[in-house]
Amino acid sequence: MTDVKNSKYRRFKKRIFDIIQIGNRYDVPSRAFDMFIVATILVNILTLFLDSFDEMADHHHFFRICEGITVLIFAIEYALRIWTSEFLYPKKGRISAVLRFLRSFDGIVDLLTILPFFFLDGFIVFRMLRVVRIFHLFRVNARYDSFHIITSVLIEKKNQILSSVFIIIVLMLASSLGIYNVEHEAQPEVFRNAFSGIWWSVSTLLTVGYGDIYPITVVGRLMAICIAFLGVGVVAVPTGIISAGFVEQYTKKQNSDVKLKDVSKIGEVLVKRDSIFCNKTVSEAESELSTRIYMIIRDDLSIIAYENIKIKVGDILFLKADNIEKSE
C-alpha cells in the first residue's frame with residue numbers, strides 16, 4: 001500500500017515538474033503555465049516602471065498590491081522548482097539536486113526577484129536588487145525559438161565576437177593614451193588623466209560622440225578623425241558576425257521544418273526545444289506517436305535507439321515517417 005502511495009506521489013510530482021518546465025505545444029497545462037508566467041513577469045516589470053512616475057503616486061497602493069501578488073506567484077513557482085529539482089538533475093540525489101538548482105542561474109535570479117519585495121525600505125543594496133527582476137525576462141527568451149536563435153548565435157560565434165571585442169579594447173586603450181598625451185597640456189581640466197581619454201575614446205570608437213569631451217589641438221583632431229574612421233570599421237565587425245550567424249541559424253531552422261510526407265518509410269527529424277520528442281525516452285516517443293525510431297545522431301555519435309535512451313535537444317532522429325507530417 002505504501003509503495004502504491006509513493007508511486008502516485010512520484011507521478012504527481014513528475015507531472016508538476018513537466019508543467020512548470022518549458023512545455024511543448026501538445027501539453028495544454030504546461031503551455032498555459034508558460035503563458036501565465038510570462039504574463040506575470042510582464043505585469044511585474046510594468047508595475048515596477050509605472051510606480052516610478054510621480055504622476056502615478058495616487059496609485060502606489062494598487063501597484064504594491066499587484067507587485068505583492070506577482071511576487072507571491074514567483075515564490076510559489078520557486079518553491080515548486082525546488083521541490084521538483086530531482087527531476088531536473090536526475091543523476092544527482094535529492095539534496096544535491098536542490099543545492100544544484102539553488103546555485104544555478106535560474107535559481108539565483110528567481111531568489112533575487114523575490115527578496116527585494118521584503119526589503120524595499122531597507123538598505124540601498126536591497127532596493128537596487130529590484131533591477132534584477134528585469135533578468136526574469138530571460139524566461140520569455142527561453143520560451144520562444146526566435147529569441148533562442150539569437151542566444152544560439154552568441155554562443156556559437158563567441159570566439160569570433162570575443163576576438164573583435166579584444167581588438168576594440170586594444171584600440172580604445174591606445175587611442176585614450178594617445179589623446180591624453182596630445183590634449184593634456186591644452187586641456188588639463190578636461191583630459192585630467194587617462195580615464196578621461198578612455199571616456200572620449202569609447203564615445204568616438206562607438207560613433208556616439210557625446211560632445212562633452214573633444215580635442216582642440218590640430219594633432220588631437222587629426223587623431224580623432226583617424227579613430228572615428230577606425231570606429232566605423234571595428235564596430236561593423238561584430239555586427240557582421242552576429243548577422244551572418246543569425247542568417248545561418250535561421251536557415252538551419254527552416255531546413256529542419258522540411259516536411260516528410262514525400263518519404264514513404266524513413267524520416268529525419270531534428271529535435272528542438274519545444275519538440276514532442278524532447279526529454280522523452282525512445283519507448284515513450286514510439287508509444288505516443290505510433291512510430292518506430294531506428295537511430296539517433298547526437299553530436300558526432302550514431303546511437304542505436306534502445307528503448308531507455310532519453311532524447312535530447314539537438315538530436316537527429318531517423319524514424320518511420322508514415323504518420324509524421326512535419327519535423328518536430
Side-chain angles (χ1 to χ4, degrees), residues 11 14-35 37-38 84 87-91 106 138-158 242-328:
R11 285 200 301 270
K14 178 64 166 63
R15 181 55 182 155
I16 295 296
F17 171 77
D18 292 336
I19 290 175
I20 66 176
Q21 292 300 310
I22 300 173
N24 61 62
R25 69 191 67 175
Y26 300 98
D27 192 340
V28 176
S30 184
R31 293 291 292 175
F33 181 82
D34 291 345
M35 291 185 286
I37 287 296
V38 169
T84 60
F87 296 103
L88 186 62
Y89 306 102
K91 294 183 179 180
D106 284 344
F138 279 114
R139 291 288 185 81
V140 180
N141 173 53
R143 284 168 165 78
Y144 296 97
D145 281 343
S146 56
F147 292 110
H148 178 66
I149 289 175
I150 297 175
T151 56
S152 299
V153 169
L154 294 178
I155 294 173
E156 185 175 330
K157 303 293 183 181
K158 62 181 179 180
I242 295 173
S243 300
F246 182 80
V247 172
E248 182 180 335
Q249 287 290 333
Y250 184 76
T251 303
K252 287 181 180 178
K253 184 178 184 300
Q254 291 293 100
N255 291 337
S256 70
D257 290 336
V258 176
K259 293 187 175 181
L260 302 174
K261 60 185 179 181
D262 294 331
V263 182
S264 58
K265 291 296 182 182
I266 302 296
E268 179 180 324
V269 172
L270 173 63
V271 178
K272 297 180 287 186
R273 189 178 295 275
D274 62 346
S275 172
I276 56 177
F277 297 99
C278 188
N279 294 325
K280 289 184 171 65
T281 63
V282 170
S283 61
E284 290 173 345
E286 290 179 344
S287 175
E288 291 182 19
L289 298 174
S290 300
T291 187
R292 176 76 171 89
I293 300 175
Y294 300 102
M295 182 175 291
I296 302 173
I297 304 297
R298 180 173 298 166
D299 297 328
D300 295 327
L301 298 177
S302 300
I303 304 172
I304 297 175
Y306 292 110
E307 59 181 11
N308 293 326
I309 293 178
K310 194 169 186 178
I311 300 170
K312 299 180 179 180
V313 175
D315 286 352
I316 299 175
L317 309 181
F318 290 91
L319 70 168
K320 185 177 181 181
D322 292 348
N323 298 325
I324 305 298
E325 285 292 314
K326 187 174 78 169
S327 70
E328 296 296 334

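As the structure is a computational prediction, the values presented were derived from the model and not from experiment. We're numbering straight along the sequence, starting at 1.
More than 12 heavy-atom neighbours from other residues, nucleotides or ligands sit within 6.0 angstrom of NZ on Lys14.
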**OP:** Output, in order, the C-alpha distance, side-chain angles, deciding distance and verdict of side chain to side chain contact (heavy atoms under 4.5 Å, CB included) for Asn279 and Lys312.
**Re:** CA-CA 6 Å; Asn279 294 325; Lys312 299 180 179 180; 5.6 Å; no

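Expressed to the nearest 0.5 Å, how far CD1 of Ile16 lies from CZ of Phe33 amounts to 9.0 Å. With values rounded to the nearest 0.5 angstrom, Ile20 atom CD1 is found 9.0 Å from Leu88 atom CG.
Each of Leu317, Ile309, Val271, Ile316 was scored for a side-chain contact (heavy atoms from CB on, under 4.5 Å) with Arg298, with one residue passing: Ile309.
Heavy-atom minimum distance, Ile296 versus Ile293: CG1-CG2, 4.5 Å. Residues Val269 and Phe277 approach most closely at CG1-CE1, 3.9 Å, considering heavy atoms. Heavy-atom minimum distance, Gly245 versus Lys157: CA-CE, 3.9 Å. Nearest approach of Ser30 to Asp18, heavy atoms of both residues: OG-O, 3.2 Å.
Counting heavy atoms from C-beta on, the side chains of Ser302 and Met295 come closer than 4.5 Å.
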